[in-house]
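Lettering follows sequence order; numbering is per chain, from 1.
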Number of protein chains: 2
Amino acid sequence: MKKKRTTIKDIATVLNISPAAVSKALHDDSRISTKTKDAVKRVAKELNYQPNHLASALRKGKSNLVGVIVPRTSSNFFSSVIQNIEEVLNKEGYNIIITQSNESFKKECRNIDTLLFTQVDGIIASMANETVDLSYYEKIKSKGIPLVLFDRGENDLNVDYIGINDYDSSFMIVEHLISKGCKRIAHIGGFRHTRIFNNRIRGYIDAIHAHNLPHEDALLVESSLTLEDGRLKMQELLALENPPDAVYIAGDYAALGALQLLKEQGISVPNDICLVGFGNEPFTSLVTPTITSINQHSAQIGQLAAETFLKRVKMDTVKQTLNKIILDAELIERDSSQKK
Amino acid sequence: MKKKRTTIKDIATVLNISPAAVSKALHDDSRISTKTKDAVKRVAKELNYQPNHLASALRKGKSNLVGVIVPRTSSNFFSSVIQNIEEVLNKEGYNIIITQSNESFKKECRNIDTLLFTQVDGIIASMANETVDLSYYEKIKSKGIPLVLFDRGENDLNVDYIGINDYDSSFMIVEHLISKGCKRIAHIGGFRHTRIFNNRIRGYIDAIHAHNLPHEDALLVESSLTLEDGRLKMQELLALENPPDAVYIAGDYAALGALQLLKEQGISVPNDICLVGFGNEPFTSLVTPTITSINQHSAQIGQLAAETFLKRVKMDTVKQTLNKIILDAELIERDSSQKK
DNA sequence: TATATTTGCTTAAACGTTTAAGCAAAAGTA
DNA sequence: TACTTTTGCTTAAACGTTTAAGCAAATATA
């Protein structure tokens, strides 16, 4: 009892021409007369013809689908990147399949398999925190489809990458804190094995050295950067016999956790301790005090990632090369670092 | 120079059997000997065979893709629903395509077209705020594929729906505020044309009447429930000559906006005004004071939506029927309504 | 032993589209 | 007029799978 879809063949039958002519008419082939084209389009509309995407994808060898992998969609950064990827790709006739890894390496592998299985024409991804083994990403490359990374990337893969200048951002943050009179600046960073977090750590250390401030091991801690871990690591810093007067935290969620803890302990931010986050999540401007943070240009990153993908599919050499686009980040000064 | 994928035919050639036998062997058909099956699977692995999903989808008339439409992925509620939909469907061999409407009717229509074009086997959706015209949703139904709505649904479509009991939730909130001694309870609700928001408004009004409290038109305002609009509508309520001593806001983001404004104006929450939100977004437990809210059971809604879809595809009658699953919501009491 | 059933495969068509190749008719050129 | 080119289509194969139908050999049943 299921309704049959109208196919190209149905249109051909009505007009008494070949299916091939119909297909060409619908694609505005120059070898089809205007008269026939008009007739085909009219009948197509009448019969409510909807092209079968699977058939054309199979025949043409491309699905016009692009896979997107992000650690999670709930962060504003990622959802904004996705939205911008979508806008750019939709215009070119691509649709996107969004998957989340939830920062899990295993889930990320499953996602990659899923996307490859679905015959996507390319993958745009930001890697999970856990990911160290790159073999699944090599699998994508070996398929000969473009792979574009953003934010959480990896040089060793030799593919396109779009991100911000993490090293400079860190430097900027530390100098900002110094300009506010801070003398003992701690850093709650991400895991060193992730390139971006390592860069932030390097930026922090170099800035500290450049300004002849004390660089103590105890002032630099690694964290998963979840809200809970932010609290925990803050507590550790407070427990030091000589606690910091400023803390720069490599993720806004962790910064929020740290801020909560400080407030609970009756420590004034920014007067006792200045605090800076990273990512410019919307809540940074909503909490009290508002949190100074780094704007990562999510919209631009999304657009560039999509455009980079498009560039790659258009040049149909299989070979990928390392190609990094690094944007300058922007410090958004808010109350949490405005020591009076 | 592109690598050729291995196909079923390649395996057949190696083993000198027919492609049909290979296909059956891979699907564990009972009419294929164990010996052949083993051989096929061995060669498949050796040649790194990856089934061409497009071909099988075309042949079988189903894509094993399910489309998901949400207003936005950045809200924790929706991203949690999506994650749970994904988990359930992945187990059954389905993959999902996530699209966001950004609360825009036009974008939602485009998303629907996109999904239908991609030949999804079904759509699970939560409607945009703007959506009143249901013709695009009728289009999905007319394709004969299952449509499952959640949270933002519409009875008139006569399809499956999963949501919480909005009316009862409102009632519960009002009674909670009354129990805390509040006497003038205002409601910043969503747009009435959206069924769930209308139900919340009805629950509010009925609860007010049931307890013989004053129901003034000025105490009930409609809002887009964005953070900004929450501020705005709160300001309106404060401007009344007789302002409320409690406000129940139908969305957490708007509640956050309202809370910000109250703090800026030096009005103590909960002592001067009690405040209750809706949705139990993570930040409700992070801000000061923490915000009393309603837990919408996002995980369960996601699972149920996916299971409902699966049930529908399994019973292959085209006819859909109105089938509502309503979960009881849960009030999470926090500081913003604990008047001392 | 003769017949029926089961096993294990093969053949061929189908899903709906695209496209290379081909061909007759019309139009252009010398 | 005789040739070439262009126009406007058709034919047929292809994309990689699945599956209905069929068939010979092996096995079971009477």
How long is the line joining NZ of A/Lys24 and P of C/dA20, in whole Å? 9 Å
Quick one: does A/Thr6's side chain have a donor or acceptor within less than 3.5 Å of a partner on A/Leu47's backbone? yes
Roughly, in whole Å, what's the span from CG in A/Asp10 to P in C/dT17? 9 Å
Rounded to 10°, tell me the angle between the two end axes of the helix from C/dT1-D/dA30 to C/dA30-D/dT1, each built from five pairs. 40°
Assess whether a salt bridge exists between A/Glu154 and A/Arg195, defined as any Lys/Arg side-chain N lying under 4.0 Å from an Asp/Glu carboxylate O. no
Does anything in residues 48-64 of chain B reach DNA chain C, meaning a heavy atom under 4.0 Å, and if so which residues? B/Leu58, B/Arg59
List the atom pairs, with distances to 0.1 Å, where a side-chain N or O of residues 300-310 of chain B and a protein N or O form a donor-acceptor pair under 3.5 Å, not counting sequence neighbours.
unit_1: B/Gln303; atom_1: NE2; unit_2: B/Asn84; atom_2: OD1; d: 3.3
unit_1: B/Thr308; atom_1: OG1; unit_2: B/Leu304; atom_2: O; d: 2.6

Short N-O contact, B/Arg42 and B/Glu46, less than 4.0 angstrom: yes
Do you know the tightest heavy-atom contact between B/Val132 and B/His193? CG2-ND1, 4.0 Å
Check each residue of residues 25-42 of chain A for a non-hydrogen atom within less than 4.0 Å of any atom in DNA chain D, then write out the ones that pass by number, or none. A/Arg31, A/Ile32, A/Ser33, A/Thr36
Whole-Å distance, A/Lys9 NZ to D/dA12 P, equals 13 Å
With a 4.0 Å cut-off on heavy atoms, is B/Thr7 in touch with a base, just the backbone sugar-phosphate, or nothing at all? sugar-phosphate
Atom CG of B/Leu15 and atom C1' of C/dG8 are separated, to the nearest Å, by 15 Å
For A/Ile11 and D/dC9, give me the distance from atom CD1 to atom C1', rounded to whole Å. 17 Å
Charged N to carboxylate O below 4.0 Å: is that the case for A/Arg110 and B/Glu86? no
With a 6.0 Å cut-off (strictly less than), is the heavy-atom count around NZ of B/Lys9, excluding the residue itself, greater than 12? no
Side-chain donor/acceptor pairs under 3.5 Å, residues 116-129 of chain A, sequence neighbours excluded:
unit_1: A/Thr118; atom_1: OG1; unit_2: A/Thr114; atom_2: O; d: 2.6
unit_1: A/Gln119; atom_1: OE1; unit_2: B/Arg5; atom_2: NH2; d: 3.4
unit_1: A/Asp121; atom_1: OD1; unit_2: A/Ser63; atom_2: N; d: 2.9
unit_1: A/Asp121; atom_1: OD1; unit_2: A/Ser63; atom_2: OG; d: 3.4
unit_1: A/Asp121; atom_1: OD2; unit_2: A/Ser63; atom_2: N; d: 3.2
unit_1: A/Asp121; atom_1: OD2; unit_2: A/Asn64; atom_2: N; d: 2.6
unit_1: A/Ser126; atom_1: OG; unit_2: A/Phe150; atom_2: O; d: 2.9
unit_1: A/Ser126; atom_1: OG; unit_2: A/Arg152; atom_2: N; d: 3.2

Set of residues satisfying side-chain hydrogen bond (donor to acceptor under 3.5 Å, both in side chains) with respect to A/Ser135, sequence neighbours excluded: A/Asp133
Would you name the heavy atoms of B/Lys314 and B/Glu92 that are closest together and state the gap between them? NZ-OE1, 3.6 Å
Before you tell me yes or no, could you show the steps for A/Ile17 and A/Val40 under side-chain contact (heavy atoms from CB on, under 4.5 Å), namely the whole-Å CA-CA distance, both residues' side-chain angles and the distance that decides it to 0.1 Å? CA-CA 10 Å; A/Ile17 55 176; A/Val40 165; 4.0 Å; yes
